[in-house]
Amino acid sequence: MDVMPQQDPESRRPPEPSPQDPHDPYAMPAEGATAVPPPPPTLRTTLRRAAFGAVAAGVLLAGALVAVPDGDRDAPKEPGPVERAEAAATAGSPASLSDLTALIGDRQKWVESHPDDAPSWATLGSAYVEWGRRSADAAYYGRAEEALKRSLDARPGERGNGEAWVGMAALANARHDFLAAKRWGETVRKQDPKAWSVYPVLIDAYTGLGDRKAATAATEKFGELRKGVPALARTADLYRGQGWREDALATAREAADRAKEPAEKAEALHRLGELAWERGEPEEAVAQFDAALRTDSGHHASLAGKARALVALERTDEALAAYQSAVTGLPRPEYVLELGELYESLELDGDARSQYEKLGGLLEQAKAAGVDESVIRARYESDHGDPAVAVELLRGQWKKQHRSAAVADALGWALHRAGKSEEGLEYAQQAVDTGVRNASYAYHLGVVEQQLAQYGPARRHLEEALRTNPAFSPLDAPKAREALETLGEPSPGGPGDTQPPPPPPPAPVPEPKRESEPEQRPERKQEPKRESPRPEAPAPAPSKTAPAPSKAAPSSPAAVEADASKSP
């Protein structure tokens with residue numbers, strides 16, 4: 001882009017030559033005159049010129065030393081916002097919103113006068129996607145799609161415009177169309193397997209589809225091609241999704257320690273806050289979110305995370321203020337739903353309804369912009385609306401192969417709320433089996449198992465939910481404690497539904513037979529009264545000629561008890 005200041009035509013002309021002295025023997029001939037070489041200078045003249053040149057050079061050097069301080073001679077030029085945004089994109093790191101704004105403005109002006117510049121259109125489209133994601137303004141996704149298509153029209157992806165394809169994959173992920181993102185990303189990878197920029201969008205696509213194996217492979221490949229903070233951040237997210245808390249924490253800390261730019265540092269600190277919150281450590285979570293906000297005051301996701309942790313600390317007024325600021329600066333539907341549920345837990349029903357109405361408006365705007373927010377809407381319908389609608393929405397997600405842990409958990413819970421707990425059990429179990437340490441997933445599974453009279457597993461999963469994060473939800477955490485109280489304590493021998501049936505009572509021991517007396521059959525109705533318990537008589541040893549006692553009809557109480565202990 002031509003960023004030179006505009007000059008008027010007169011200023012671009014060379015200066016007029018000054019008039020020359022006609023008696024100067026060293027003056028050049030006038031234009032058009034015969035080029036006659038001047039006579040050679042005398043020795044005196046040569047020495048005079050050398051002395052004058054030495055003095056002039058000394059004066060110029062002294063002036064330069066005085067005018068330019070030592071520390072500034074080698075100082076590089078400070079990069080501007082556009083350069084910083086481009087450097088962040090080149091490194092695979094987030095740019096600050098102000099730098100991103102500058103980059104968008106710069107590219108908009110450039111493509112107006114250079115409509116066939118495919119790379120600039122691709123950069124502009126990708127910047128629109130990032131802006132829409134970071135600001136929760138889905139309207140930018142339409143602009144992103146238009147810019148990326150202009151880039152592909154100017155230069156198709158097959159002719160080396162892979163960055164536009166990567167932008168289309170990022171746009172599909174932002175709209176939660178993970179199958180389309182996978183197709184775009186895998187097309188780029190086939191064309192250029194070493195194009196590192198495609199792997200983050202592939203990781204997001206595979207994660208949305210619930211393909212943990214492919215997500216793991218893409219994360220490892222990204223780490224091979226692109227060392228540094230972005231690779232560490234992706235690896236920490238991978239460990240977190242698999243439930244490897246210690247590994248996730250260690251990797252996230254390394255990313256935070258190595259992050260330099262404010263936007264990158266804030267994102268790393270936010271990740272540490274999320275990990276602390278999931279571990280049930282709200283004080284540590286608040287500290288990390290505060291650190292992120294001090295680094296980047298516009299990091300509204302950390303403001304929402306802080307509000308969540310403040311609720312757990314029973315600092316409700318502060319939590320409400322933080323939530324309200326978060327949804328104003330970053331109106332993501334999940335934050336609005338959380339705020340509505342907080343109001344509901346405080347029995348502020350009017351405020352809760354206002355937030356739920358706002359949620360409905362945001363979901364309609366997202367739908368108009370091509371964003372699929374079915375999971376958030378289903379979560380609302382399951383607990384506050386029509387569970388049958390939630391089931392229909394989530395079945396559609398499952399058919400689209402959106403089979404992440406979040407979708408499996410939401411579908412299992414919706415089925416339970418719709419009165420189909422047996423079918424919901426499979427999906428709720430699948431969400432927990434991914435290994436992710438999510439207290440809500442364990443709570444949902446425990447409630448479904450309780451409904452199906454599987455009391456032992458229900459108690460175990462409800463305890464797991466409260467052990468993972470005792471304040472995981474202002475609405476559901478108290479319900480989890482109530483469900484545990486209803487189940488009561490397990491019996492000393494273990495949960496009742498996991499114990500074998502009690503053994504039958506021992507049969508009375510018959511007296512040894514005598515040859516002179518006929519066989520006496522015990523009376524069925526009356527039993528001999530015993531004043532005090534006495535030790536049972538041992539069973540008679542079998543004779544060498546008599547057959548061994550049958551296992552189906554044991555001949556002694558000891559055998560009965562032995563068989564009973566072997567029974568399943």
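- Val389 has its side chain within reach of Leu393: a pair of non-hydrogen atoms, C-beta onward, lies under 4.5 Å apart.
- Using a cut-off of 4.0 Å between Lys/Arg side-chain N and Asp/Glu carboxylate O, Glu267 and Arg134 are scored as not salt-bridged.
- Note: Asp192 CG to Thr187 OG1 = 13.0 Å, rounded to the nearest 0.5 Å.
- Glu341 and His384 are linked by a side-chain donor-acceptor pair at a separation below 3.5 angstrom, with hydrogens and angles left out of the test.
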Audit row: Glu186, Arg189, salt bridge (charged side-chain N to carboxylate O under 4.0 Å, His left out) steps and yes/no: CA-CA 5 Å; Glu186 289 184 344; Arg189 186 177 61 184; 3.7 Å; yes
Pair Trp165, Leu152 - check side chain to side chain contact (heavy atoms under 4.5 Å, CB included), show working. CA-CA 8 Å; Trp165 279 348; Leu152 291 171; 3.8 Å; yes
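- Between the side chains of Glu464 and Tyr441, no donor-acceptor pair is found at a separation under 3.5 Å.
- One distance of note links OG1 of Thr90 with CD of Glu83; it measures 11.5 Å at 0.5 Å rounding.
- Here the side chains of Asp383 and Arg417 are in contact, with some heavy-atom distance below 4.5 Å.
- The two residues Pro193 and Leu225 have their closest heavy-atom pair at O-CD1, 3.9 Å.
- Here the shortest heavy-atom pairing between Ile376 and Leu337 reads O-CD2, 4.4 Å.
- Side chains of Asp372 and Arg175 form no contact here, defined as non-hydrogen atoms less than 4.5 Å apart.
- Between the side chain of Asn173 and the backbone N or O of Val201 there is at least one donor-acceptor pair closer than 3.5 Å.
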Would Lys367 and Leu363 count as a side chain to side chain contact (heavy atoms under 4.5 Å, CB included) if you check the C-alpha gap in whole Å, the side-chain angles of each, and the deciding distance to 0.1 Å? CA-CA 6 Å; Lys367 184 177 180 181; Leu363 294 177; over 6 Å; no
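- Between Val188 and Gly162, the shortest heavy-atom contact is CG2-O, 3.9 Å.
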Candidate pair Tyr335 and Arg308, rule side chain to side chain contact (heavy atoms under 4.5 Å, CB included), full reasoning: CA-CA 10 Å; Tyr335 300 159; Arg308 224 175 282 130; 3.9 Å; yes
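- For the pair Arg253 (side chain) and Leu272 (backbone), a donor-acceptor distance under 3.5 Å is absent.
- The list of ring pair (Phe, Tyr, Trp, His ring centres under 6.0 Å) pairs with a residue in residues 255-298, not counting sequence neighbours, reads His270-Phe289, His270-His299.
- For the residue pair Ser197 and Glu163, a side-chain donor N or O sits within less than 3.5 Å of a side-chain acceptor on the partner.
- How far CD of Glu344 is from CG of Leu339: 12.0 Å, rounded to the nearest 0.5 Å.
- Checked for salt-bridge contact, Asp409 and Arg379 miss the test: no charged N lies under 4.0 Å from a carboxylate O.
- For the residue pair Asn161/Ser151, the side-chain donor-acceptor check at 3.5 Å is satisfied.
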For Val311 and Thr316, what are the C-alpha separation, side-chain angles and deciding distance, and is it a side chain to side chain contact (heavy atoms under 4.5 Å, CB included)? CA-CA 5 Å; Val311 174; Thr316 310; over 6 Å; no
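- A cation-pi arrangement is absent between Arg377 and Tyr380, since the terminal nitrogen or guanidinium carbon is not both under 6.0 Å from the aromatic centre and inside a 45° cone about the axis.
- Of the possible polar contacts, none joining the Ser126 side chain to the Thr123 backbone as a donor-acceptor pair under 3.5 Å is found.
- With Thr434 contributing its side chain and Ala431 its backbone, the two residues share a donor-acceptor pair below 3.5 Å.
- In summary, Glu145 and Lys149 engage in a salt bridge, as defined by a charged side-chain N under 4.0 Å from a carboxylate O.
- In this structure, Glu146 does not pair ionically with Arg143, as no charged nitrogen and carboxylate oxygen lie closer than 4.0 Å.
- Considering all non-hydrogen atoms of both residues, Thr468 and Arg437 come closest at CG2-O, 4.2 Å.
- For the atom pair Gln429 CD and Glu449 CD, the distance stands at 6.0 Å (nearest 0.5 Å).
- Applying the ring pair (Phe, Tyr, Trp, His ring centres under 6.0 Å) test to residues at least two apart or on different chains, the pairs with a partner in residues 231-267 are Tyr239-Trp244.
- By the neighbour-count criterion of 12 heavy atoms within 6.0 Å, atom CD of Glu261 is sparsely surrounded, having that number or fewer from other residues, nucleotides or ligands.
- The two residues Trp121 and His114 have their closest heavy-atom pair at NE1-O, 4.4 Å.
- For the pair Leu466 and Tyr443, the minimum side-chain heavy-atom distance is 4.5 Å or more.
- Between Arg240 and Glu274 a salt bridge is recorded (basic side-chain N to carboxylate O distance below 4.0 Å).
- Between Trp398 and Tyr427, the ring planes lie perpendicular to each other; the angle is over 60°, past the 30° to 60° tilted range.
- By the 4.5 Å heavy-atom criterion applied to side chains, Tyr343 and Tyr356 are not counted as neighbours.
- Nearest heavy atom pair, residue Asp296 against residue Ala266, reads CB-CB, 3.6 Å.
- Residue-environment remark: CD (Gln191) exceeds the threshold of 12 foreign heavy atoms within 6.0 Å.
- Annotation: side-chain hydrogen bond (donor to acceptor under 3.5 Å, both in side chains) contacts involving residues 207-230, sequence neighbours excluded, comprise Thr216-Gln242.
- The shortest distance between side-chain heavy atoms of Asp290 and Arg294 falls below 4.5 Å.
- Side-chain contact check for Val447 versus Trp413: some heavy-atom pair is nearer than 4.5 Å.
- With rounding to the nearest 0.5 Å, the separation of OG1 in Thr328 from NE2 in His300 is 8.5 Å.
- The structure places OG of Ser382 at 8.0 Å from NE2 of His444, a figure rounded to the nearest 0.5 Å.
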Salt bridge (charged side-chain N to carboxylate O under 4.0 Å, His left out) for Arg258 and Glu254? Distances and angles first, verdict last. CA-CA 6 Å; Arg258 294 175 61 178; Glu254 184 178 357; 3.4 Å; yes
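- Within the 4.5 Å cutoff, the side chain of Asn438 has no heavy atoms near those of the Val432 side chain.
- At a cut-off of 3.5 Å, with distance as the only test, no side-chain donor of Glu426 or Gln430 sits close to an acceptor on the other residue.
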